[in-house]
Amino acid sequence: MRAVTLICGERNLICTPGATFRASSTRFSGSSEDLRDYCIGTVREAYSGKIRFAVNLVLLRALHVQYPRESLRLEVELYDTLVRNDQMRREVAYTWLSKHYPDDLKRHMEQIEPHSALWYSIVDRIEPTLAALSRNSVEREGEATVCSSCGDQPTLDYRLVNGAETMPGVPSLRLCEDCIEIRRGMGNVLVPFLVAQ
């Protein structure tokens with residue numbers, strides 16, 4: 001993957017996803033504590049902070065299918081880029097904190113519990129089919145601990161590492177063993193929730 005420059009106010013951070021941040025010596029004048037604060041702020045609002053990008057992307061894609069125009073195609077590309085950049089920024093912050101301050105990551109990472117009211121308020125807007133499918137399973141089984149896809153149990157909660165490519169804006173999924181393998185086979189990168197301390 002290529003290096004990306006994150007612009008943080010007057011600071012620029014050069015980072016490679018999956019690696020560590022390195023501050024550009026000519027551009028970064030903040031301390032490592034500033035970098036830590038920036039990363040904490042990023043993971044603290046990991047999903048609720050920039051959900052508008054994903055919501056707008058979903059709406060623009062639907063409009064473009066219905067009314068194909070060059071201007072809408074360009075807006076779809078713009079919002080696709082915004083969603084991907086937001087995801088990359090979040091994953092770089094996640095990776096840096098996991099390496100340098102894992103307790104901070106566990107304490108501050110926003111993890112939206114699948115099938116909660118907040119989860120449905122997000123998923124209803126961006127993946128209404130998934131929301132309806134999971135609601136049906138929850139109602140049928142009489143409990144929220146069922147798989148988001150098929151309604152089976154036992155389940156674990158996962159965050160989507162590459163959600164920008166697969167399900168923009170979906171903060172998490174509750175999956176059984178079969179569905180986790182199916183989704184991974186479809187290209188979803190999923191990791192279990194962190195356990196808060």
Check: [X] side chain, [Y] main-chain N or O, donor-acceptor pair, under 3.5 Å:
X      : Y      : result
Arg90  : Ala46  : yes
Asp34  : Ser31  : yes
Ser116 : Ile112 : no
Glu110 : Val43  : no

Trace of the side-chain contact (heavy atoms from CB on, under 4.5 Å) decision for Glu143 with Val138: CA-CA 5 Å; Glu143 56 185 287; Val138 167; over 6 Å; no

Ion pair check, Glu91 and Arg159, cut-off under 4.0 Å: yes

Tell me whether Arg107 is salt-bridged to Asp103, with the criterion being a basic N under 4.0 Å from an acidic carboxylate O. no

To the nearest 0.5 angstrom, please state how far the [atom1] atom of [X] sits from the [atom2] atom of [Y].
X      : Y      : atom1 : atom2 : answer
Ser71  : His64  : OG    : NE2   : 8.0 Å
Glu127 : Thr166 : CD    : OG1   : 8.5 Å
Arg84  : Asn162 : CZ    : CG    : 9.5 Å
Asp80  : Asn56  : CG    : CG    : 13.0 Å
Glu45  : Ile40  : CD    : CD1   : 13.0 Å
His108 : Thr42  : NE2   : OG1   : 12.5 Å

Would you call [X] and [Y] a side-chain contact if the rule is heavy atoms closer than 4.5 Å?
X      : Y      : result
Leu63  : Leu72  : yes
Gln111 : Asp157 : no
Cys179 : Asp152 : no
Leu190 : Ile180 : yes
Tyr94  : Cys39  : no
Arg44  : Met109 : no
Arg183 : Leu173 : yes
Pro114 : Phe193 : yes

Start with the C-alpha distance between Tyr120 and Ser134, add both sets of side-chain angles, then the distance that settles side-chain contact (heavy atoms from CB on, under 4.5 Å), and finish with yes or no. CA-CA 9 Å; Tyr120 280 118; Ser134 66; 3.2 Å; yes

Test of understanding: clusters of I, L, V, M, F, W, Y form through side-chain heavy atoms closer than 4.5 Å, transitively. Do Val55 and Leu118 belong to the same one? yes

Hydrophobic clustering (ILVMFWY, side-chain heavy atoms < 4.5 Å, transitive) - are Val76 and Tyr67 grouped together? yes

Looking only at heavy atoms, what is the nearest atom pair of [X] and [Y], with distance?
X      : Y      : value
Phe53  : Tyr79  : O-CD2, 3.7 Å
Pro168 : Arg61  : CG-NH1, 4.1 Å
Arg125 : Ser121 : NE-O, 3.0 Å
Gly169 : Ile51  : O-CD1, 3.6 Å
Cys176 : Thr155 : N-CG2, 4.0 Å
Leu133 : Ser149 : CD2-O, 3.2 Å

How far apart are the C-alpha atoms of Asp124 and Arg135, what are their side-chain angles, what is the distance that settles it, and do they pass the side-chain contact (heavy atoms from CB on, under 4.5 Å) test? CA-CA 10 Å; Asp124 279 335; Arg135 267 197 187 92; 2.8 Å; yes

With a sphere of 6.0 Å drawn around CD of Glu177, does it hold more than 12 non-hydrogen atoms of other residues, nucleotides or ligands? no

Any chance the side chains of Arg174 and Thr145 put a donor and an acceptor closer than 3.5 Å? no

Answer yes if the side chains of His115 and Trp119 hold a donor-acceptor pair under 3.5 Å, and no otherwise. no

